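Being a predicted model, the structure only gives us computed values, none of them experimental. Naming convention: chains lettered A, B, ... in sequence-line order (proteins, then strands); numbering from 1 in each chain.
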There are 2 protein chains.
Amino acid sequence: MAARSYGQYCGVTTAVELIGERWALLIVRDLLVGPRRYTDLKAGLPRIPTNILALRLKELQDAGVVRRVPLSHRGLVYELTAYGRQLEPIVLALGRWGFAAMGEPDPDDVVTADSLTMALRTAFRPDAAEALPATGYDLHVGDVGLRARVDGVALAVRRLDARERGLDGEDVGGAEAGSSAEDQGPDAVFVAGPGIRGIISGELAPDDALARGVVRVPRGDAALLGRFAATFHIDPAAAAA
Amino acid sequence: MAARSYGQYCGVTTAVELIGERWALLIVRDLLVGPRRYTDLKAGLPRIPTNILALRLKELQDAGVVRRVPLSHRGLVYELTAYGRQLEPIVLALGRWGFAAMGEPDPDDVVTADSLTMALRTAFRPDAAEALPATGYDLHVGDVGLRARVDGVALAVRRLDARERGLDGEDVGGAEAGSSAEDQGPDAVFVAGPGIRGIISGELAPDDALARGVVRVPRGDAALLGRFAATFHIDPAAAAA
DNA sequence: CCGGATCCGAATCGATACTG
DNA sequence: CAGTATCGATTCGGATCCGG
């Protein structure tokens, strides 16, 4: 028996031996959003030591959770195996559970695109979305920008690139440059804000104005905020505040 | 920010900070079966260092997951708070996930009463049980003895005490001494066996005969084995072997 | 830049001994 | 029973370095 084994023949014990080491489940969280290169993972986990990231990736491969895929062109990505993808409901449930214990963010806590994407998936209520017309939302939290498209019971979240994020500060909703062909612009744009922070579990405060928070719905009506709240299970009172 | 924090404002990160330390989730697993004293936990986690157990219990209390309750008579127990109990579906799902990766037990792996109880809860299919008449099963794995009573969609598992476990070796099913008033004796008695090992994720092999495994249904018919397999989602072929 | 490997001090874990 | 105290063994964190 390995020296560091828990010494029990049990499913929970086995699971914890596979994905219970420090940082491992956060790597899985980011890979649940999509395949990622080594550097992407490092950027998404700013405080992970590089040797630990390399070690965990090896261990997760040995565990059959992660696969290393060379890219046709050059470079390589890590992606979850089918077995690893089975962790999705568990990670989402853990996120929901942990969310309830979250207080105010520490001043130098960070919100990453992948953690925010998973937070949206966590909060998404397909049953609430099903009754509504398809809607797109842009979310800006710190320097992360995401576009969430809700359509029937489906949720699609993608990152906004630098051009699309160009619309910040006071002219939110004005610029339209970045919208790509297959993906119409958002029906609403949210910036930081306490209500948003509530659901998407993230607020980054690079400047004071943003820290105090704003929720703006520049291209739709205020009812969109309520729809957003219902779809993502925000406390509407907090969102309205 | 604490030096050891992951530095992210995210539900998953928060959850992992609360219950991601080594041994923590296994303490939660055992407490999901019921309140336990310090020495019970130590016995259920044979390889945990005592200082780590003490430290984790403090951390879990600070996290609001565990509560320390003085006993009226003397001594004290640890129990989960309502927030801690919300981890049950997550721990069960993790157990199911880890179960799929379990190979043969290491020779000195151990099966504890609490891990076995949680394994039964993990494998239990209320929908399969619902159609069946109420049935009791006694399970003997190594020196752990449990009585599982399946009734409608409910599953109740309790430990057999030393007297009740007295029926081992060749005279399994013979002795009836220990059955208490409110809890009729079992309809079937299972001893170790490969099929059993399959579901309940446990085999301890104190002697060779037991290691090779036996499945016996002394007081019912063989159909009980199939019923057990369905209710706890065993591979019937493996169970029959 | 990407994908790590290496080195070293700091923090944590594990084993054992001891105590109210 | 319910833990502390101590100390060596591991692991983690931070920084630097390296080959493609």
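A donor atom on one side chain and an acceptor atom on the other are not found under 3.5 Å apart for A:Thr14 and A:Tyr9. A donor-acceptor contact closer than 3.5 angstrom is absent between the side chains of B:Arg56 and B:Gln61.
For the side-chain contact (heavy atoms from CB on, under 4.5 Å) test, residues two or more places apart in sequence or in another chain that qualify with A:Thr81 are A:Arg67, A:Tyr83. For A:Glu88, the side-chain hydrogen bond (donor to acceptor under 3.5 Å, both in side chains) test picks out A:Arg121, with sequence neighbours left out. Under the rule for a side-chain hydrogen bond (donor to acceptor under 3.5 Å, both in side chains), the partners of B:Thr112 that lie at least two apart in sequence or sit in another chain are B:Ser115.
Atom CG of A:Leu120 is separated from atom CG of A:Leu139 by 5.5 Å, given to the nearest 0.5 angstrom.
A cation-pi arrangement is present between A:Arg22 and B:Tyr6, with the terminal nitrogen or guanidinium carbon under 6.0 Å from the aromatic centre and inside a 45° cone about the axis.
Residue A:Tyr38 has no polar side-chain atom (N or O) positioned under 4.0 Å from OP1 or OP2 of C:dA5. For C:dG3, neither phosphate oxygen OP1 nor OP2 lies less than 4.0 angstrom from any side-chain nitrogen or oxygen of A:Lys58.
Heavy-atom minimum distance, B:Leu146 versus B:Arg159: CD2-CA, 3.8 Å.
Contacts between residues 67-77 of chain B and DNA chain D, defined by a heavy-atom separation below 4.0 Å, involve B:Arg68, B:Gly75, B:Leu76, listed by number.
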(message) Within the 4.0 Å limit for protein heavy atoms, which parts of nucleotides 10-20 of chain C are touched? Write it as a string from 5' to 3', B for base, S for sugar-phosphate only, - for none.
(response) --SSBBBB---

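For the helix from C:dC1-D:dG20 to C:dG20-D:dC1, the axis fitted to the five pairs at one end and the axis fitted to the five pairs at the other end meet at an angle of 30° (nearest 10 degrees).
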